[in-house]
Number of protein chains: 2
Amino acid sequence: MNDDERLSRILKAAGDTTRRKILTLLVQEGALRVTSLASHFEMSLNSVSKHIKVLEEAGLVTRRTLGREHFMAAELEPLKRTEAWFAELKSIWDLRLSALETMILSEDDQ
Amino acid sequence: MNDDERLSRILKAAGDTTRRKILTLLVQEGALRVTSLASHFEMSLNSVSKHIKVLEEAGLVTRRTLGREHFMAAELEPLKRTEAWFAELKSIWDLRLSALETMILSEDDQ
DNA sequence: TGATAAGTCAACCATATGGGTGAATATTGA
DNA sequence: TCAATATTCACCCATATGGTTGACTTATCA
C-alpha cells in the first residue's frame with residue numbers, strides 16, 4: 001500500500017462519528033476490551049467490532065490479545081500523516097501567494 | 001448540521017484521492033474551471049463535477065460562476081477543524097498520561 | 001439565429017459501507 | 001468436562017459512493 005492509499009484509509013476511518021468516539025474513548029481511558037467499548041454505543045457488539053477493524057486497518061488502533069479478551073489501544077501517530085498533508089497544502093498555497101506578490105511588485109516597478 | 005457531522009463531511013471529502021488531487025491543483029494553480037480540472041483526470045467531466053460537489057458541500061471548495069464558466073477555488077479553513085479534533089485527542093491523551101504519572105509518583109511515596 | 005461550449009441533472013450500474021443476526025471459535029472457570 | 005464468556009466470521013439487507021451515459025439549460029459567438 002502506498003502513502004496515498006494509507007492517507008485515504010486514515011481519513012476514511014476518521015470520517016465516521018462512531019469511530020471517532022471509539023478513538024476518543026481509548027485515548028481517555030487507555031486500553032479497553034471490545035465489549036467494554038461496545039457498551040458505550042447503541043449498536044450491536046458486532047458492529048462495534050467491525051468499526052474497530054476499520055480503525056485497526058488504518059493503524060489508528062492496535063490490538064493486544066490476552067486469552068479471549070482483546071485489548072484495543074489508540075494509536076495517534078497515523079494522524080500525523082493527515083497533518084502533514086494539510087501542512088503540504090498550506091505550503092503550496094503560500095508558495096503561490098508569494099509568487100503572486102512578487103509578480104505584483106515587479107509590475108509596480110514598471 | 002452540527003459540528004460533528006461537519007467534521008465527518010470534511011474528513012470523508014478529504015478521504016478520496018481524486019478529491020485530494022483536485023484540492024492540490026486548486027491550491028497550486030488558484031481558481032480553475034470544472035473542465036480545466038477535469039483535464040487532469042482520466043474520468044468523465046461529470047464524475048469530476050460530482051467530486052467537486054462533494055468538496056463544495058464540505059466547504060473545502062467555493063464556486064464563482066461567470067457566465068457559463070464555474071471557477072472553483074480551494075478553501076483550506078475547514079481543514080482546521082480536523083486539526084482541532086486531532087489536537088483535542090492529543091490533549092486528552094496528555095491529560096491521562098499526566099494523571100497516570102501522578103498516580104505512580106504517589107505510589108512511590110508510600 | 002443557430003451551432004457550439006460549459007456545466008449540471010437524472011438515471012443507471014457495480015461495489016462499498018454500516019447496520020443486523022446466527023453460527024463458529026477459543027478461552028475461562030466451576 | 002461442560003457451560004458461559006469474548007470475539008470474530010459469514011451472510012443478509014438497505015443505502016451510499018464512484019463511475020458511466022444521455023438529456024437539459026445557459027452562455028457565447030460567428
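Here is how names work: the chains are called A, B, and so on, in the same order as the sequence lines, proteins then strands, and each is numbered from 1.
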Using heavy atoms to find the nearest nucleotide of DNA chain D for A:F71 and A:K12 separately, return the residue whose nucleotide is more 5′.
A:F71

Do B:R81's NZ or CZ and the ring of B:W85 fall within the cation-pi criteria of under 6.0 Å and 45°?
no

Are B:S44 and D:dT20 close enough that a side-chain N or O sits under 4.0 Å from OP1 or OP2?
yes

Side chain of B:N46 - closest among C:dG20, D:dT7, C:dC9
C:dC9

For C:dG7, does OP1 or OP2 lie under 4.0 Å from any side-chain N or O of B:S49?
no

Could you work out which one of D:dC11, D:dT7, C:dT8 sits closest to the side chain of A:L45?
D:dT7

Considering only heavy side-chain atoms of B:T35, the closest of C:dA6, D:dC9, C:dG19 is C:dA6

Interatomic distance, B:I52 CD1 vs C:dT8 C1' [rounded to whole Å]
11 Å

Before accepting this row, confirm whether a basic side-chain N of the pair A:D16/B:K12 lies closer than 4.0 Å to the acidic partner's carboxylate O.
no

Testing the 3.5 Å rule here: is there a donor-acceptor pair between the side chains of B:S39 and B:S36?
no

Can you tell me the distance, in whole Å, between the CG atom of B:L66 and the C1' atom of D:dA27?
12 Å

Separation of A:K50 atom NZ from D:dC11 atom P, in whole Å?
13 Å

Expressed in angstrom and rounded to an integer, what is the separation of B:M43 atom CE from D:dT21 atom C1'?
15 Å

Given 3.5 Å as the limit, does a donor-acceptor pair link the side chain of B:R20 with the main chain of B:A14, or not?
yes

In whole Å, I'd like the distance from the CD atom of B:E69 to the C1' atom of C:dG7.
11 Å

Is it true that atom NZ of B:K80 has more than 12 heavy atoms of other residues, nucleotides or ligands lying nearer than 6.0 Å?
no

Can a side chain N or O of A:R19 be found less than 4.0 Å away from OP1 or OP2 on C:dG18?
yes

What integer distance in Å separates A:L55:CG from C:dT17:P?
13 Å

Would you please confirm or rule out a distance under 4.0 Å between OP1 or OP2 of C:dT25 and any side-chain N or O of A:R68?
no

Take the protein atom NE2 of B:H70 and the nucleotide atom P of C:dA5, then report the distance between them rounded to whole Å.
17 Å

Would you say C:dG18 has OP1 or OP2 under 4.0 Å from some side-chain N or O of A:H51?
no

Please report, rounded to the nearest Å, how far the P atom of C:dT8 is from the CZ atom of B:R33.
12 Å

Looking only at the side chain of A:K53 (C-beta and beyond, no hydrogens), which of the listed nucleotides D:dC9, D:dT7, C:dT8 gets closest?
D:dC9

